[in-house]
Structure formats: structure tokens, C-alpha cells
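Beneath this line is the structure, given in C-alpha cells, with notes to follow.
Both counts, for ligands and for their atoms, begin at 1 and track the order of listing. Index from 1, following the sequence.
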Amino acid sequence: MSSSPTQSISLTRYLIEEQRAGRINADLRLLIEVVARACKTISIAVGKGALGGVLGDAGTPGVASMNIQGEAQKKLDVLSNEILLEANAWGGHLAGLASEEMDTSHPIPDVYPRGNYLLLFDPLDGSSNIDVNISVGTIFSVLRCPDGVTNAADEHFLQPGTQQVCAGYTTYGPSTMLVLTVGNGTHAFTLDREVGSFMMTTRGMSIPEETKEFAVNMSNQRFWEPPMQRYVGDLLSGKEGPRGKDFNMRWVASMVADVHRILTRGGIFSYPLDSKCAPKGGKLRLMYEANPMSFLVEQAGGAASTGRQRMMEVQPTGLHQRVPVFIGSKKEVEAAVRYHAEHD
Ligand code: AHG
Ligand code: MN
Ligand code: MN
Ligand code: MN
């Protein structure tokens, strides 16, 4: 599937076309529109930077506000979470929400109607980049709520990534872009700030199967498992080495920015197990980082793995479960998986 330029099709029109084709229903269409509208609000807050009083840590001076991840929350983490909660409270599409920034899943207030979907999100991804004006983003995933459940509990969210009906992210970079899949390809929309609409700018993002670009935090190298050491060592040995080509490296420390680059021009992104994060299962979170990104990447012809298992087949055991991540150009992910298989 090659990506193609497109005349100005708005997100709204694209979603109506998907509904008319029977691939989504009205509730899911409206849910996606609500999330996109909330991301526009987040984009405005991010864009104000220091002028909007949104930089820096949440909490009070000297008393950090910690999330369940054990991370000190940024003001934008908290604000983005509140924007998404408020936007999704009254729409009637959801039976519950889950977020990186909330300990447990969050019910829909009793005063509002409920629906059949579960929304999971990382409201602000790449928080360490907020105060240094580097791209950050929002990641979201939509699951169906099990039949007969109107008030979801944590266990109702614990579905493998293959059960997702929608996944997307918004990247707040030089332009604000929404990248979305409802299971019929991965498509990119750019925010037209004058009109206030997301306009389709790429129909059918397509990841080259091969790449010469990898994204990993090299400062963890000495903590990696042996297969990861060998895999990256071979990448770094260039065309004289077993991989036979010279690789370039990028690391933004915003998963959204790194994965967006990979969806746009190929590459492999990895946050593997290391002896520091291994006791927790990894660094990145399965339900609202790895799974939505995996759905988007697979729909663009790429691959996503824990290094030992297709990401979207992992059976979740916890809302904030962490996993090792290898995601991007299909043949490069397959190579990384081979190194693990040969070692195990
Ligand atoms: P978040 O800001 O939502 O907590 O996610 C940060 C993640 C991910 O976006 C990024 O790829 C990774 O953490 C960066 O980790 P390091 O700071 O260890 O490089
Ligand atoms: Mn965080
Ligand atoms: Mn994140
Ligand atoms: Mn986050």
C-alpha cells in the first residue's frame, strides 16, 4: 500500500466514509472526534509553553506529584489527563477510561450515559521533553467493553492488542498531526489551525520493510540482555559487519516522535529489557503505549514485538504492565527477534 497525497479530506469526512463503509459505527466515530478535539486543546496548551504556565513539575514546591509509575508528574501530564477526562465524560460512548496518570481505571460519572467502548491513553508522552521544547504527544487506544458491562473495572481493559478497534496518537511538533487507524490502514492528518480541523495529509502510511536507522537509548547499553548487546553491536559495526550496511541513530525520548519518524520514513525503535527496568517488565507501558503504536505500525506494513512475542498477542495482566518494545520496519524487527531466538 503506497502512501498517496490527498485532496483536502477532513478527519470528520474520513470517519463518515469509514462509517458509511460499515467499518466503524456512529458511536466510535463520535468518540474519535471527541478525542481529536481534546488533542486540539492539548496542542494549544503545549504551544503556549512558558507563556501558558504549563511548564515544570506538578505538585507544590518541594513536594512532587507522583503517578503510579513512580514518575514525578509534569503540569502538562496532569492538565492533558484532565482535558481528556472532561472531554470524554459526557459523550455517552464509554464504559470507562484508563490513563498512565491514573492509578486505576476511571468510571463515567453517574449523571452521564455510558457506551460500549473503553478508552486508554497516555495523555502526554515524552514528558521529559516538555521543558526543553521538544516534540511531545498523546497516545490513545480503544477497546470494546465486554457485553453486559456498563461500568468497566480494571479487568475489563485487560484485552490483547489484537482486540483494539482504534488506535492513534497526536504529535505536538512543528505541526500538530493526528495519526489514526480503525483497522483499515494508518492515515495522517495535519491540524489546520486557521480552520481548526484535522486535514488528511497522508492516506495509507507505509513503512519501508528495510531500514538503516535505529532508535534506542544507548546509555543503557551496559544493562541490556546479551541478544540486545549482540544485535546493536552488529548494527554499529556497519557495512564491514554482519549486517553489511551503515546505520544511523536517532533518539528523541518521546516515543510518539520516534514512532512518527518511523511511520514516515522507516526505522526501528527499541526500548528493550535492561537490568534496571527488567524487574518491572520493561520501561514502556503495554496498554497505552506499546499496543496502540503496534496497531498503527502493523496497519502501515511494519511489525511490533516484545523481542520474543508479537506485541499485540501479549495477554495483559495489569493496566500499567510494562513490556520490552521492538517496533518499526518489518525486516529489521524480524532481525532483532532472530537475535533473541538464537540466544534463548
Ligand atoms: P512518558 O513521558 O509518557 O512517561 O513516556 C516516556 C517514554 C517514551 O515516550 C520514550 O520513548 C521513553 O520514555 C524515553 O525513555 P528514556 O528517558 O529512558 O530515554
Ligand atoms: Mn510518564
Ligand atoms: Mn509515554
Ligand atoms: Mn505520559
Side-chain angles (χ1 to χ4, degrees), residues 38-39 42 45-46 54-59 64-85 97-103 119-141 168-173 179 213-224 228 232 249-263 267-278 280-294 296-297 304 311 319-328:
C39 289
I42 296 170
V46 170
V54 295
L55 301 187
D57 291 342
S65 160
M66 304 299 283
N67 62 15
I68 193 170
Q69 324 286 340
E71 301 166 338
Q73 290 176 310
K74 296 286 190 182
K75 287 178 186 167
L76 262 179
D77 283 325
V78 176
L79 175 62
S80 304
N81 192 61
E82 286 165 359
I83 289 169
L84 282 157
L85 286 183
L97 306 98
S99 163
E100 176 197 349
E101 303 305 335
M102 299 188 296
D103 296 7
L119 178 67
L120 304 95
F121 50 86
D122 175 357
L124 208 288
D125 174 66
S127 306
S128 66
N129 285 326
I130 292 169
D131 296 349
V132 293
N133 198 28
I134 291 174
S135 297
V136 293
T138 298
I139 309 170
F140 60 93
S141 170
Y169 63 78
T170 307
T171 175
Y172 311 111
V179 175
E213 197 159 65
F214 71 99
V216 69
N217 182 337
M218 283 300 295
S219 71
N220 296 321
Q221 191 264 351
R222 64 188 184 284
F223 302 115
W224 293 336
M228 183 66 185
V232 173
M249 198 195 104
R250 288 284 182 275
W251 185 252
V252 183
S254 286
M255 185 185 198
V256 169
D258 279 315
V259 171
H260 186 72
R261 185 191 57 253
I262 288 167
L263 272 164
I268 182 168
F269 168 101
S270 177
Y271 212 110
L273 285 181
D274 62 50
S275 52
K276 296 179 293 171
C277 69
K280 291 183 282 188
K283 160 115 190 204
L284 300 182
R285 284 59 56 116
L286 173 65
M287 297 306 293
Y288 40 79
E289 289 175 319
N291 268 344
M293 290 308 203
S294 299
L296 289 159
V297 163
M311 187 64 72
L319 211 45
H320 301 292
Q321 177 176 345
R322 297 168 186 261
V323 285
V325 177
F326 294 82
I327 190 168

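- In Gln69, neither the side chain nor the backbone holds a heavy atom less than 4.0 Å from any atom of ligand 1.
- Checked by distance only, ligand 1 and Asp122 come closer than 3.5 Å through their nitrogen or oxygen atoms.
- Note on ligand 1: Leu124 sits in its first shell, one or more heavy atoms being nearer than 4.0 Å.
- Using a cut-off of 4.0 Å between Lys/Arg side-chain N and Asp/Glu carboxylate O, Lys74 and Asp77 are scored as not salt-bridged.
- Checking side-chain atoms of Ser254 against main-chain N and O of Val256 turns up no donor-acceptor pair under 3.5 Å.
- Checked by distance only, ligand 1 and Ser127 come closer than 3.5 Å through their nitrogen or oxygen atoms.
- Asp258 does not count as a contact of ligand 1, since none of its heavy atoms falls under 4.0 Å from the ligand.
- Residue contact annotation: Glu71 places an N/O/S atom under 2.8 Å from the Mn ion (ligand 2).
- When the N, O or S atoms of Asp122 are ranked by distance to the Mn ion (ligand 4), OD1 comes first.
- In terms of protein heavy atoms, atom 15 (O) of ligand 1 is closest to Lys283 NZ, 3.2 Å.
- The shortest N/O to N/O separation between Met255 and ligand 1 falls below 3.5 Å.
- Using a 4.0 Å heavy-atom cutoff, Ser254 is listed among the residues neighbouring ligand 1.
- For ligand 1, the polar-atom distance check against Gly126 finds a nitrogen or oxygen pair separated by under 3.5 Å.
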